[in-house]
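Below: the structure, in C-alpha coordinates.
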Amino acid sequence: MKYITIAALAGTAVLFAGVASAQQGVDFSKVEIKATDLGNKTYMLEGQGGDITVAVGTDGIIMVDTQFAPLHDKIKDAIAKISPLPIKYVVNTHYHGDHVGGNAAFHKDGATIVAHDNVRIRLAAGTTNAVTGNKTPPVEPTALPTESYMVGDKKLEVGGRVAVLKHVYTAHTDGDTWVMFPDANVLVTGDVYGSRTYPNLDWGSGGTIDGMILALETFLKAANDTTKIVPGHGPVATKANLQEFHDMMVTARDRVKKLYDAGKTEQEVLAADPLADLNVKWAAPQGITSGPSFLRNVYNSLRNHD
Ligand SMILES: [Zn+2]
Ligand SMILES: [Zn+2]
(Lines give C-alpha, C1' and ligand atoms only; values in the text may rest on other atoms or scores of the structure.)
(Ligands and ions follow the chains in the order given, each with its own letter.)
Protein backbone atom coordinates (compact mmCIF):
# COMPACT_ATOMS: atom_id res chain seq x y z
CA MET A 1 0.00 0.00 0.00
CA LYS A 2 1.33 3.39 -0.90
CA TYR A 3 -0.30 6.36 0.70
CA ILE A 4 0.59 9.68 -0.84
CA THR A 5 0.76 12.89 1.08
CA ILE A 6 0.19 16.46 0.07
CA ALA A 7 3.89 17.15 0.67
CA ALA A 8 4.79 14.37 -1.75
CA LEU A 9 2.38 15.82 -4.27
CA ALA A 10 4.10 19.19 -4.23
CA GLY A 11 7.21 17.64 -5.71
CA THR A 12 5.31 15.31 -7.96
CA ALA A 13 5.08 15.60 -11.66
CA VAL A 14 2.05 14.58 -13.60
CA LEU A 15 1.61 13.82 -17.23
CA PHE A 16 -2.08 14.18 -17.76
CA ALA A 17 -2.08 17.79 -18.94
CA GLY A 18 -0.94 16.26 -22.22
CA VAL A 19 -4.27 14.46 -22.35
CA ALA A 20 -6.14 17.56 -21.32
CA SER A 21 -4.46 19.77 -23.90
CA ALA A 22 -5.10 17.17 -26.57
CA GLN A 23 -8.77 17.86 -25.90
CA GLN A 24 -8.57 21.62 -26.13
CA GLY A 25 -9.40 21.70 -29.80
CA VAL A 26 -12.45 19.50 -29.33
CA ASP A 27 -15.88 20.93 -30.08
CA PHE A 28 -17.88 19.05 -27.45
CA SER A 29 -21.16 20.03 -29.13
CA LYS A 30 -20.18 17.78 -32.04
CA VAL A 31 -19.33 14.73 -29.90
CA GLU A 32 -21.78 11.86 -30.14
CA ILE A 33 -22.15 9.23 -27.43
CA LYS A 34 -22.14 5.72 -28.82
CA ALA A 35 -23.45 2.85 -26.69
CA THR A 36 -22.31 -0.76 -27.11
CA ASP A 37 -24.44 -3.49 -25.50
CA LEU A 38 -22.18 -5.90 -23.59
CA GLY A 39 -25.06 -8.13 -22.49
CA ASN A 40 -26.84 -8.58 -19.15
CA LYS A 41 -27.82 -4.90 -18.94
CA THR A 42 -24.23 -3.71 -19.14
CA TYR A 43 -23.07 -1.14 -21.69
CA MET A 44 -19.99 0.68 -22.83
CA LEU A 45 -20.30 4.35 -23.84
CA GLU A 46 -17.80 6.13 -26.05
CA GLY A 47 -17.71 9.86 -26.70
CA GLN A 48 -14.60 11.94 -26.01
CA GLY A 49 -12.23 10.84 -23.26
CA GLY A 50 -12.12 7.56 -21.37
CA ASP A 51 -14.58 4.77 -22.07
CA ILE A 52 -17.60 4.67 -19.74
CA THR A 53 -19.25 1.49 -18.44
CA VAL A 54 -22.87 1.41 -17.29
CA ALA A 55 -24.49 -1.47 -15.36
CA VAL A 56 -28.22 -1.41 -14.67
CA GLY A 57 -29.70 -3.09 -11.58
CA THR A 58 -33.33 -3.21 -10.47
CA ASP A 59 -33.13 -0.02 -8.43
CA GLY A 60 -30.30 1.99 -9.90
CA ILE A 61 -27.23 2.25 -12.08
CA ILE A 62 -23.49 1.92 -11.51
CA MET A 63 -21.38 4.01 -13.88
CA VAL A 64 -17.60 3.78 -14.30
CA ASP A 65 -15.86 7.05 -15.32
CA THR A 66 -17.47 10.30 -16.51
CA GLN A 67 -15.41 11.76 -19.42
CA PHE A 68 -15.42 15.59 -19.64
CA ALA A 69 -17.78 18.00 -17.85
CA PRO A 70 -19.28 19.53 -21.04
CA LEU A 71 -20.49 16.06 -22.08
CA HIS A 72 -22.56 15.47 -18.93
CA ASP A 73 -25.95 16.19 -20.54
CA LYS A 74 -25.23 14.01 -23.58
CA ILE A 75 -23.96 11.14 -21.44
CA LYS A 76 -26.97 11.47 -19.14
CA ASP A 77 -29.31 11.37 -22.14
CA ALA A 78 -27.56 8.28 -23.54
CA ILE A 79 -27.93 6.52 -20.17
CA ALA A 80 -31.59 7.57 -19.89
CA LYS A 81 -32.22 5.82 -23.21
CA ILE A 82 -30.82 2.64 -21.65
CA SER A 83 -32.71 2.93 -18.34
CA PRO A 84 -34.81 5.55 -16.49
CA LEU A 85 -33.31 4.48 -13.14
CA PRO A 86 -31.06 6.88 -11.19
CA ILE A 87 -27.26 6.66 -11.31
CA LYS A 88 -26.44 5.63 -7.74
CA TYR A 89 -22.68 5.19 -8.02
CA VAL A 90 -19.96 6.71 -10.17
CA VAL A 91 -16.63 4.89 -9.96
CA ASN A 92 -13.43 6.68 -11.02
CA THR A 93 -10.75 4.34 -12.39
CA HIS A 94 -8.14 7.08 -11.70
CA TYR A 95 -7.83 10.84 -11.36
CA HIS A 96 -7.15 11.96 -14.97
CA GLY A 97 -9.45 14.66 -16.32
CA ASP A 98 -10.75 12.59 -19.24
CA HIS A 99 -12.21 10.13 -16.68
CA VAL A 100 -13.41 12.39 -13.84
CA GLY A 101 -14.53 15.57 -15.67
CA GLY A 102 -18.22 14.84 -15.17
CA ASN A 103 -17.94 14.02 -11.45
CA ALA A 104 -19.43 17.24 -10.08
CA ALA A 105 -22.45 17.15 -12.39
CA PHE A 106 -23.23 13.48 -11.76
CA HIS A 107 -22.73 14.04 -8.04
CA LYS A 108 -25.23 16.90 -8.22
CA ASP A 109 -27.65 14.48 -9.89
CA GLY A 110 -27.39 12.30 -6.78
CA ALA A 111 -24.58 9.83 -7.48
CA THR A 112 -22.04 8.76 -4.85
CA ILE A 113 -18.51 9.11 -6.30
CA VAL A 114 -16.27 6.15 -5.42
CA ALA A 115 -12.51 5.83 -6.00
CA HIS A 116 -9.20 4.81 -4.50
CA ASP A 117 -8.20 7.34 -1.87
CA ASN A 118 -5.18 8.56 -3.86
CA VAL A 119 -7.65 9.84 -6.50
CA ARG A 120 -9.35 11.99 -3.87
CA ILE A 121 -6.00 13.29 -2.62
CA ARG A 122 -4.70 14.21 -6.09
CA LEU A 123 -7.95 15.86 -7.16
CA ALA A 124 -8.12 17.83 -3.92
CA ALA A 125 -4.50 18.98 -4.11
CA GLY A 126 -4.19 19.80 -7.81
CA THR A 127 -1.33 18.46 -9.93
CA THR A 128 1.65 19.54 -12.02
CA ASN A 129 2.67 18.15 -15.40
CA ALA A 130 6.03 16.35 -15.39
CA VAL A 131 7.03 17.50 -18.85
CA THR A 132 5.54 20.98 -19.25
CA GLY A 133 5.22 22.06 -15.62
CA ASN A 134 1.61 23.07 -16.35
CA LYS A 135 -0.48 23.15 -13.23
CA THR A 136 -3.97 21.74 -12.89
CA PRO A 137 -5.81 23.39 -9.99
CA PRO A 138 -7.70 21.43 -7.33
CA VAL A 139 -11.17 20.38 -8.46
CA GLU A 140 -14.26 21.87 -6.88
CA PRO A 141 -15.17 20.01 -3.67
CA THR A 142 -18.34 18.54 -5.19
CA ALA A 143 -16.23 16.71 -7.81
CA LEU A 144 -14.28 14.78 -5.15
CA PRO A 145 -14.94 11.11 -4.43
CA THR A 146 -17.25 10.88 -1.42
CA GLU A 147 -16.49 7.24 -0.74
CA SER A 148 -12.91 6.02 -1.08
CA TYR A 149 -10.94 2.91 -0.20
CA MET A 150 -7.27 2.11 0.31
CA VAL A 151 -6.80 -1.66 0.29
CA GLY A 152 -8.64 -4.83 -0.58
CA ASP A 153 -11.82 -5.07 -2.60
CA LYS A 154 -14.80 -2.81 -2.51
CA LYS A 155 -18.22 -4.06 -3.58
CA LEU A 156 -21.04 -1.85 -4.80
CA GLU A 157 -24.55 -3.13 -5.38
CA VAL A 158 -27.61 -1.74 -7.11
CA GLY A 159 -30.58 -4.10 -6.97
CA GLY A 160 -28.80 -7.36 -7.61
CA ARG A 161 -26.00 -5.95 -9.76
CA VAL A 162 -22.58 -6.12 -8.14
CA ALA A 163 -19.44 -4.23 -9.10
CA VAL A 164 -16.19 -5.48 -7.58
CA LEU A 165 -13.57 -2.72 -7.33
CA LYS A 166 -9.91 -3.60 -6.89
CA HIS A 167 -6.78 -1.48 -6.62
CA VAL A 168 -3.59 -2.26 -8.53
CA TYR A 169 -0.42 -0.67 -7.14
CA THR A 170 1.60 1.92 -9.03
CA ALA A 171 0.38 0.98 -12.52
CA HIS A 172 -0.99 3.79 -14.74
CA THR A 173 -1.03 6.02 -11.63
CA ASP A 174 -0.92 5.25 -7.90
CA GLY A 175 -4.70 5.34 -7.57
CA ASP A 176 -5.93 2.88 -10.18
CA THR A 177 -9.12 0.88 -9.71
CA TRP A 178 -10.27 -1.87 -12.03
CA VAL A 179 -13.82 -3.12 -11.93
CA MET A 180 -15.41 -6.51 -12.51
CA PHE A 181 -19.10 -7.06 -13.15
CA PRO A 182 -19.10 -10.83 -12.55
CA ASP A 183 -22.67 -11.52 -13.70
CA ALA A 184 -21.95 -9.94 -17.10
CA ASN A 185 -18.34 -11.18 -17.36
CA VAL A 186 -17.26 -7.59 -18.01
CA LEU A 187 -13.85 -6.34 -16.86
CA VAL A 188 -13.12 -2.60 -16.84
CA THR A 189 -9.41 -1.81 -16.87
CA GLY A 190 -9.12 1.98 -16.78
CA ASP A 191 -6.03 3.37 -18.49
CA VAL A 192 -3.79 0.44 -17.58
CA TYR A 193 -4.97 -0.86 -20.94
CA GLY A 194 -5.79 0.96 -24.18
CA SER A 195 -6.96 -1.28 -26.99
CA ARG A 196 -5.66 0.89 -29.85
CA THR A 197 -2.34 2.44 -28.85
CA TYR A 198 0.45 2.45 -26.32
CA PRO A 199 -0.78 3.46 -22.88
CA ASN A 200 -0.03 6.70 -21.14
CA LEU A 201 2.22 5.86 -18.18
CA ASP A 202 1.91 8.57 -15.57
CA TRP A 203 5.22 8.01 -13.79
CA GLY A 204 4.94 11.49 -12.27
CA SER A 205 1.89 10.25 -10.34
CA GLY A 206 3.31 6.96 -9.16
CA GLY A 207 2.79 4.96 -12.36
CA THR A 208 5.40 2.35 -13.32
CA ILE A 209 5.96 0.02 -16.25
CA ASP A 210 6.42 -2.94 -13.88
CA GLY A 211 3.19 -2.08 -12.04
CA MET A 212 1.33 -1.89 -15.35
CA ILE A 213 2.61 -5.30 -16.39
CA LEU A 214 1.62 -6.79 -13.02
CA ALA A 215 -1.82 -5.23 -13.35
CA LEU A 216 -2.21 -6.67 -16.86
CA GLU A 217 -1.28 -10.09 -15.47
CA THR A 218 -3.96 -9.67 -12.79
CA PHE A 219 -6.52 -8.87 -15.51
CA LEU A 220 -5.44 -11.88 -17.58
CA LYS A 221 -5.99 -14.14 -14.56
CA ALA A 222 -9.44 -12.66 -13.96
CA ALA A 223 -10.54 -12.96 -17.60
CA ASN A 224 -11.60 -15.92 -19.71
CA ASP A 225 -12.20 -16.30 -23.43
CA THR A 226 -15.70 -14.79 -23.27
CA THR A 227 -14.85 -11.83 -21.01
CA LYS A 228 -15.70 -8.46 -22.50
CA ILE A 229 -12.90 -6.08 -21.63
CA VAL A 230 -13.62 -2.35 -21.49
CA PRO A 231 -10.29 -0.56 -21.91
CA GLY A 232 -9.49 2.98 -20.81
CA HIS A 233 -9.60 4.03 -24.44
CA GLY A 234 -10.52 2.21 -27.63
CA PRO A 235 -13.08 -0.45 -28.55
CA VAL A 236 -14.19 -3.42 -26.44
CA ALA A 237 -11.47 -6.07 -26.35
CA THR A 238 -10.98 -9.77 -25.69
CA LYS A 239 -8.55 -11.65 -23.50
CA ALA A 240 -6.48 -12.39 -26.62
CA ASN A 241 -6.22 -8.64 -27.33
CA LEU A 242 -5.17 -8.04 -23.72
CA GLN A 243 -2.55 -10.79 -23.94
CA GLU A 244 -1.05 -9.18 -27.06
CA PHE A 245 -0.90 -5.80 -25.31
CA HIS A 246 0.71 -7.40 -22.24
CA ASP A 247 3.35 -9.10 -24.39
CA MET A 248 4.13 -5.80 -26.11
CA MET A 249 4.56 -4.13 -22.70
CA VAL A 250 6.94 -6.84 -21.52
CA THR A 251 9.01 -6.52 -24.71
CA ALA A 252 9.11 -2.73 -24.33
CA ARG A 253 10.10 -2.94 -20.67
CA ASP A 254 12.84 -5.50 -21.31
CA ARG A 255 14.40 -3.56 -24.18
CA VAL A 256 14.35 -0.20 -22.42
CA LYS A 257 15.55 -1.70 -19.13
CA LYS A 258 18.54 -3.23 -20.88
CA LEU A 259 19.58 0.20 -22.16
CA TYR A 260 18.81 1.85 -18.83
CA ASP A 261 20.85 -0.74 -16.94
CA ALA A 262 23.74 -0.12 -19.36
CA GLY A 263 23.73 3.50 -18.23
CA LYS A 264 22.21 5.09 -21.33
CA THR A 265 20.69 8.53 -20.94
CA GLU A 266 17.15 9.34 -21.99
CA GLN A 267 18.47 11.05 -25.15
CA GLU A 268 20.64 8.04 -26.00
CA VAL A 269 17.68 5.71 -25.57
CA LEU A 270 15.51 7.92 -27.77
CA ALA A 271 18.25 7.91 -30.42
CA ALA A 272 18.58 4.11 -30.22
CA ASP A 273 14.86 3.83 -31.05
CA PRO A 274 14.47 0.37 -29.47
CA LEU A 275 10.71 0.15 -30.04
CA ALA A 276 10.70 0.96 -33.78
CA ASP A 277 9.03 -2.32 -34.78
CA LEU A 278 6.37 -2.00 -32.04
CA ASN A 279 5.63 1.58 -33.04
CA VAL A 280 4.17 0.37 -36.34
CA LYS A 281 1.20 -1.15 -34.54
CA TRP A 282 0.98 0.74 -31.27
CA ALA A 283 2.23 4.33 -31.65
CA ALA A 284 -0.29 7.15 -31.97
CA PRO A 285 0.77 9.76 -34.55
CA GLN A 286 1.32 12.34 -31.80
CA GLY A 287 0.71 13.15 -28.17
CA ILE A 288 1.14 11.14 -25.01
CA THR A 289 0.76 7.73 -26.67
CA SER A 290 3.13 8.41 -29.58
CA GLY A 291 6.27 6.30 -29.94
CA PRO A 292 8.73 8.85 -28.45
CA SER A 293 6.37 9.73 -25.56
CA PHE A 294 5.85 6.10 -24.62
CA LEU A 295 9.59 5.44 -24.79
CA ARG A 296 10.31 8.42 -22.56
CA ASN A 297 7.62 7.31 -20.11
CA VAL A 298 9.00 3.78 -19.85
CA TYR A 299 12.54 5.13 -19.36
CA ASN A 300 11.47 7.66 -16.73
CA SER A 301 9.39 5.11 -14.90
CA LEU A 302 12.47 2.89 -14.59
CA ARG A 303 14.61 5.82 -13.48
CA ASN A 304 12.00 7.08 -11.04
CA HIS A 305 11.59 3.77 -9.26
CA ASP A 306 15.14 2.47 -9.37
ZN1 LIG B 1 -7.64 8.27 -20.22
ZN1 LIG C 1 -5.30 8.16 -17.57
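Residues take their numbers from the sequence shown, with the count starting at 1. Note that the structure is a prediction, hence the values are computed from the model and not measured. Worth knowing before you read on, the calculation uses all heavy atoms, side chains too, and leaves out hydrogens, waters and symmetry mates. Each ligand, and each atom within it, is numbered from 1 in the order the structure gives.
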Legend entry - the Zn ion (ligand 1) - name of the N/O/S atom of Asp98 that sits closest to it: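 Atom name of the closest N, O or S in Asp98: OD2.
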Inset, instruction - Considering just N/O/S atoms, say which atom of Asp191 is closest to the Zn ion (ligand 1). - result: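 Of all N, O or S atoms in Asp191, the Zn ion (ligand 1) lies closest to OD2.
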Legend entry - salt bridge (charged side-chain N to carboxylate O under 4.0 Å, His left out) between Asp77 and Lys74, intermediate numbers included: CA-CA 5 Å; Asp77 287 351; Lys74 287 188 182 194; over 6 Å; no
Inset, instruction - Would you please test Asp117 and Arg122 for salt bridge (charged side-chain N to carboxylate O under 4.0 Å, His left out) and show each step? - result: CA-CA 9 Å; Asp117 204 48; Arg122 288 198 183 279; over 6 Å; no
Inset, instruction - Using the side-chain contact (heavy atoms from CB on, under 4.5 Å) rule, pick out the option among Gln67, Gln48, His233 that qualifies with Asp98. - result: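 Result for side-chain contact (heavy atoms from CB on, under 4.5 Å) with Asp98: His233.
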Legend entry - Over 12 foreign heavy atoms within 6.0 Å of NZ, Lys41: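 Counting neighbours around NZ of Lys41, 12 or fewer heavy atoms of other residues, nucleotides or ligands fall under 6.0 Å, so no.
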Legend entry - Degrees at the Zn ion (ligand 1) between the NE2 atom of His233 and the NE2 atom of His99, nearest 10°: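 Value returned, to the nearest 10°, is 110°.
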Inset, instruction - Kindly confirm whether the Zn ion (ligand 1) is within less than 2.8 Å of some N/O/S atom in His96? - result: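 His96 does not place any N, O or S atom closer than 2.8 Å to the Zn ion (ligand 1).
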